[in-house]
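What follows is a short report on a single structure.
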Amino acid sequence: MNFQQLRIIHETVRRNFNLTEVANALFTSQSGVSKHIKDLEDELGLELFVRKGKRLLGLTEPGRELSAVVDRMLMDARNIKSIAEQFSNKDHGQLTVATTHTQARYALPRVVTRFKQAYPRVHLMLHQASPGEIAAMLLDGRADIGIATEALAGVSDFVSFPYYGWHHAVIVPAGHALEAVTPLTLEAVAEHPLITYHEGFTGRAKIDETFAQAGFTPDIVMSALDADVIKTYVELGLGIGIVASMAYDAERDRALRMLPSDHLFGENVTRIAVRRGHFLRGFAYRFIELCAPELSEAVVRGALRPETGSDGPF
């Protein structure tokens, strides 16, 4: 068994058994990938993949067991490199933070600014993705830290911490009739066409749940991945918007008004997550602490110990 075979097993599972994509990712040929897989199966005396002709359809039972071990071995290999870099270049390296557009645009700018001032030689990669993609990036080691409202809590391979709580807000064009409705009600909101987040993003599930529990079926005429798009179409008069409250800026969004609506929608909690077993450089702990001062390196390290629950000490 060699390192290339381990990478091929990992990439084959990650890329849904598409050997063409595996070959492209590893800069080799599809026939080379197939040969490595066959050589490994011959060496172990096991079939690792379910096949239909030449196509791979999935993992066999021993293949699933081996895949989990391979993932740990590859993570340990990355950790060895990171440990060496930690002690040879403490303030130099790369930090990959996977997060959503909302967090990158509205929650993280001050954190990123302070981090870059403290660590000018660290290359910070801020990767914007969906919550599901963020979780996948943490699982396979492509990201050091994940920040999102969805998908990060309750995952056994993660330790996640509360970052901050927030509410949705209703936004309308200046002069809209809803400005005169006080207090604002869900019934009044539901009478208008709505523009809000796409399913799976920025607390959309809580919006849907709130209307359903109240017995209303809102007319969602448009959905988008980020608040800037939503605000653009609200300005055009295509509907009223429901966005994360931190996405509204009275100075910047002069053509819009944010209506008091914390009482309408429950609190959402954005979380910071790291994968168990993934070695974090010193500057990664510092980034987390800049996000939430209570999350010191000692606190995060303590939560990462095997005996601690998956959602941290909070």
Side-chain angles (χ1 to χ4, degrees), residues 99-109 130-132 134 147-154 160-272 291-292 311 314:
T99 189
T100 61
H101 171 89
T102 297
Q103 307 307 325
R105 175 69 178 82
Y106 300 106
L108 292 178
S130 70
I134 293 167
I147 301 175
T149 302
E150 294 87 0
L152 300 183
S160 72
F161 307 89
Y163 178 8
Y164 68 99
W166 56 274
H167 287 81
H168 288 103
V170 175
I171 57 171
V172 298
H176 193 278
L178 280 182
E179 289 186 69
V181 179
T182 55
L184 188 64
T185 65
L186 278 179
E187 182 178 10
V189 172
E191 290 175 353
H192 298 270
L194 296 181
I195 305 172
T196 191
Y197 297 105
H198 187 69
E199 293 178 359
F201 285 79
T202 321
R204 169 63 188 273
K206 186 154 288 186
I207 294 172
D208 294 342
E209 178 184 340
T210 299
F211 280 109
Q213 288 179 347
F216 298 118
T217 303
D219 179 19
I220 298 178
V221 295
M222 183 180 296
S223 62
L225 301 182
D226 66 75
D228 291 338
V229 174
I230 295 169
K231 290 189 291 185
T232 296
Y233 288 97
V234 172
E235 283 190 33
L236 292 173
L238 298 185
I240 65 174
I242 300 177
V243 298
S245 58
M246 65 275 197
Y248 175 81
D249 183 287
E251 181 65 25
R252 185 174 59 244
D253 300 318
R254 295 182 180 181
L256 300 174
R257 299 292 182 268
M258 182 171 73
L259 307 182
S261 43
D262 283 3
H263 61 289
L264 298 182
F265 305 102
E267 184 184 46
N268 297 274
V269 177
T270 295
R271 303 187 73 86
I272 300 173
C291 290
D311 287 328
F314 297 91

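Nothing fancy with the numbering, it's 1 onward along the sequence. Bear in mind that the values here come from a model prediction, so they are computed numbers and not experimental data.
- Partners of Gln213 by side-chain contact (heavy atoms from CB on, under 4.5 Å), not counting sequence neighbours, listed by chain and number: Glu209.
- A salt bridge (Lys or Arg N to Asp or Glu O under 4.0 Å) check over residues 257-268, counting only residues at least two apart or in different chains, returns nothing.
- Side-chain atoms of Met246 and Thr102, non-hydrogen and from C-beta on, do get closer than 4.5 Å to each other.
- Put simply, the side chain of Arg271 gets close to the backbone of Ser160: a donor and an acceptor are under 3.5 Å apart.
- Put simply, the side chain of Val221 does not reach to within 4.5 Å of the side chain of Leu238, judged on heavy atoms.
- Applying the side chain to side chain donor-acceptor pair (under 3.5 Å) criterion to Ser130, with sequence neighbours excluded, gives Glu133.
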Report, one line per pair, each donor and acceptor closer than 3.5 Å where one atom sits in a side chain of residues 177-195; sequence neighbours left out.
from   : atom 1 : to     : atom 2 : distance (Å)
Glu179 : OE2    : Gly175 : N      : 2.5
Glu179 : OE2    : His176 : N      : 3.2
Thr185 : OG1    : Ala188 : N      : 3.1

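- By the side chain to side chain donor-acceptor pair (under 3.5 Å) test, Thr99 pairs with no residue at all, sequence neighbours left out.
- Under the rule for a side-chain contact (heavy atoms from CB on, under 4.5 Å), the partners of Glu199 that lie at least two apart in sequence or sit in another chain are Arg204.
- Within the structure, the ring pair (Phe, Tyr, Trp, His ring centres under 6.0 Å) test picks out no pair touching residues 193-227 (sequence neighbours left out).
- Contact check for Thr202 versus Thr149: no side-chain heavy atoms found under the 4.5 Å cut-off.
- When the side chain to side chain donor-acceptor pair (under 3.5 Å) test is applied to Arg254, the partners found at least two apart in sequence or on another chain are Glu251.
- Residues satisfying the side-chain contact (heavy atoms from CB on, under 4.5 Å) test with Ala151, not counting sequence neighbours, are Pro131.
- Side-chain contact between Thr210 and Leu264 is absent, with no heavy-atom pair separated by less than 4.5 Å.
- For the ring pair (Phe, Tyr, Trp, His ring centres under 6.0 Å) condition, no pair includes a residue of residues 226-248, sequence neighbours left out.
- Sequence neighbours left out, the pairs with a member in residues 228-240 that pass salt bridge (Lys or Arg N to Asp or Glu O under 4.0 Å) are Arg105-Asp228, Asp228-Lys231, Lys231-Asp253.
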For this session: Applying side-chain contact (heavy atoms from CB on, under 4.5 Å), run through Leu108 and Tyr163 and close with a yes or a no.
Result: CA-CA 11 Å; Leu108 292 178; Tyr163 178 8; 3.7 Å; yes

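- For the pair Thr100/Thr270, no side-chain contact is recorded, criterion being any heavy-atom separation below 4.5 Å from C-beta on.
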